[in-house]
Amino acid sequence: RLTIDEPTPAVAKDILRGLKDSFEEFHSGTITEEAIEAAVDLSVRYQTDKRLPDKAIDLIDTAAAKLKINALGWTVRKSHIVDIISKFTKIPAEQIGNESTKTLVSLEDTIKTKLYGQDTVVDSVLEKIYVARAGLKAINKPIGNFLFLGPTGTGKTELARLLSKNLDMPLLKYDMSEYSEKFNVSALLGAPPGYVGYGEGSLGGGKLINDLSKNPHSILLFDEVEKAHPDVTNVLLALMDEGMITSSNGKKADCRNSIVILTSNLGAA
């Protein structure tokens, strides 16, 4: 038996360069070097469920086919690759391309006019988001991991809602009081082998896995985290540390483009 490993990004780029003439002849256009670089680098970062060189080839081929329909003498550039990845992953093109937007520039003022008395917290959270948008965050971790502590009514959940609205990121909320028992872990990650529900198609992965698969660019809000069973807490720690989470049936979900928020009333008294 021979195991054919996935090529490295450098080798994948050489493969694409070797295919470049064939693509250009078939689609009657031009493919730039920056498009080849982007197809490999961005697919490695944002399409973790697929493998090189296929995923990079698909991006180039899709972009070329789209341009061929709309124009003659076209040229595939990085911006076209970014647009295709955005459609494939449901992640806004602005984040993939690390480009500044008016929304990001006005984000601080927009949130502070809706959430009073928490300017220090807002500044700390937005600083992490700015760093991530600049492409400087660790590649194997979420955009940011936050623990909001304080009594009810201070704006912990409201800040998550405001971030969701203004960053165009779906808010996925989980009430941790529902996961206080050991067996509740299966509700998040799917039933283990031998138990009812294991391997039942898309439903077998568990709520958290399935939600992340549909919304890899999201805000994960784990409310009242102190009420969760320690096994559930361990799952969250792995999620925050590795940027990936694996279901009981082996299905992986990527949260490296998500914001993780834990809230708690612990110590408020």
Side-chain angles (χ1 to χ4, degrees), residues 2-70 74-99 132-133 135-143 168-170 201-202 205 208-218 239 242-247 249-258:
L2 295 176
T3 300
I4 309 299
D5 293 327
E6 181 182 20
T8 64
V11 171
K13 290 174 185 177
D14 286 338
I15 292 173
L16 284 182
R17 293 185 186 108
L19 295 172
K20 179 175 179 288
D21 290 344
S22 298
F23 276 124
E24 290 178 336
E25 181 180 351
F26 181 79
H27 291 292
S28 302
T30 304
I31 299 170
T32 64
E33 176 64 20
E34 68 168 6
I36 291 175
E37 297 270 346
V40 174
D41 294 339
L42 296 180
S43 65
V44 167
R45 183 169 185 177
Y46 294 105
Q47 292 183 296
T48 56
D49 57 330
K50 298 182 179 180
R51 297 289 177 265
L52 290 172
D54 279 2
K55 58 185 178 182
I57 291 173
D58 285 345
L59 290 172
I60 293 288
D61 197 24
T62 303
K66 182 179 179 181
L67 289 170
K68 181 180 180 180
I69 292 173
N70 296 324
W74 50 263
T75 300
V76 175
R77 306 184 188 281
K78 177 182 177 180
S79 59
H80 300 122
I81 301 298
V82 169
D83 287 340
I84 298 299
I85 283 228
S86 177
K87 288 181 172 64
F88 283 174
T89 63
K90 300 178 184 178
I91 299 173
E94 300 83 37
Q95 178 176 337
I96 295 173
N98 294 325
E99 297 168 0
R133 285 291 180 91
L136 301 176
K137 82 173 186 70
I139 194 170
N140 62 335
K141 295 184 184 298
I143 293 172
D168 195 26
M169 299 171 70
S202 62
L208 178 58
I209 300 292
N210 293 329
D211 286 350
L212 267 174
S213 297
K214 297 174 184 175
N215 302 283
H217 177 68
S218 59
L239 179 151
E242 299 172 7
M244 300 285 290
I245 188 168
T246 306
S247 72
N249 61 10
K251 182 179 180 181
K252 288 184 178 291
D254 188 346
C255 59
R256 294 178 300 173
N257 298 296
S258 296

Self-check item: Beyond-backbone contact of N257 with P216, side-chain heavy atoms, under 4.5 angstrom
Solution: no

Quiz item: CD of E242 to CG of N140: how many Å apart, nearest 0.5 Å?
Solution: 8.5 Å

Quiz item: Roughly how far, to the nearest 0.5 Å, is CG of D5 from CG of L52?
Solution: 12.5 Å

Quiz item: Would you find a donor on one side and an acceptor on the other, under 3.5 Å apart, between the side chain of E34 and the backbone of R77?
Solution: no

Quiz item: Quick one: does I85's side chain get under 4.5 Å of I91's, heavy atoms only?
Solution: no

Quiz item: Are P53 and L16 close enough that some pair of their side-chain heavy atoms sits under 4.5 Å apart?
Solution: no

Quiz item: Does S43 offer a backbone N or O that forms a donor-acceptor pair with the side chain of K50 under 3.5 Å?
Solution: no

Self-check item: Any donor-acceptor N/O pair, E24 side chain to I31 backbone, under 3.5 Å
Solution: yes

Quiz prompt | Cation-pi check, K55 onto F88 ring (under 6.0 Å, within 45° of axis) | solution = no

Self-check item: Residues D168, H217; criterion side-chain contact (heavy atoms from CB on, under 4.5 Å); working and verdict
Solution: CA-CA 9 Å; D168 195 26; H217 177 68; 5.9 Å; no

Quiz item: Which residues satisfy the side-chain hydrogen bond (donor to acceptor under 3.5 Å, both in side chains) test with K66, sequence neighbours excluded?
Solution: none

Quiz item: Taking all atoms of both residues into account, what is the closest heavy-atom pair of G243 and P142, and its distance?
Solution: CA-CD, 4.0 Å

Quiz item: Looking at side-chain heavy atoms only, is the closest gap between I60 and I81 below 4.5 Å?
Solution: yes

Quiz item: Do you know which two heavy atoms are closest between S213 and A253, and how far apart they sit?
Solution: OG-CB, 4.4 Å

Quiz item: Where do A56 and V40 come nearest, in terms of heavy atoms and distance?
Solution: CB-CG2, 3.9 Å

Exercise. Write down the atom of I209, the atom of T246, and the distance for their closest heavy-atom approach.
Key: CD1-C, 4.0 Å

Quiz prompt | D61-H27 side chain donor-acceptor pair, cut-off 3.5 Å | solution = yes

Exercise. Evaluate side-chain contact (heavy atoms from CB on, under 4.5 Å) for D254 paired with L212, printing each intermediate quantity in order.
Key: CA-CA 7 Å; D254 188 346; L212 267 174; over 6 Å; no

Quiz item: Any ion pair linking E33 and R17 (charged N to carboxylate O, less than 4.0 Å)?
Solution: yes

Quiz item: Would a distance-only check, ignoring hydrogens and angles, find a side-chain to backbone donor-acceptor pair under 3.5 Å from T62 to L59?
Solution: no

Quiz item: Where do W74 and S28 come nearest, in terms of heavy atoms and distance?
Solution: NE1-O, 3.5 Å

Practice problem: Specify the closest pair of heavy atoms between M169 and I143, including all atoms of both residues, with the distance to one decimal. | Solution: CE-CD1, 4.4 Å

Quiz item: Which value, rounded to the nearest 0.5 Å, describes the distance between I96 atom CD1 and T89 atom OG1?
Solution: 4.0 Å

Quiz item: Would you call H80 and T75 a side-chain contact if the rule is heavy atoms closer than 4.5 Å?
Solution: no

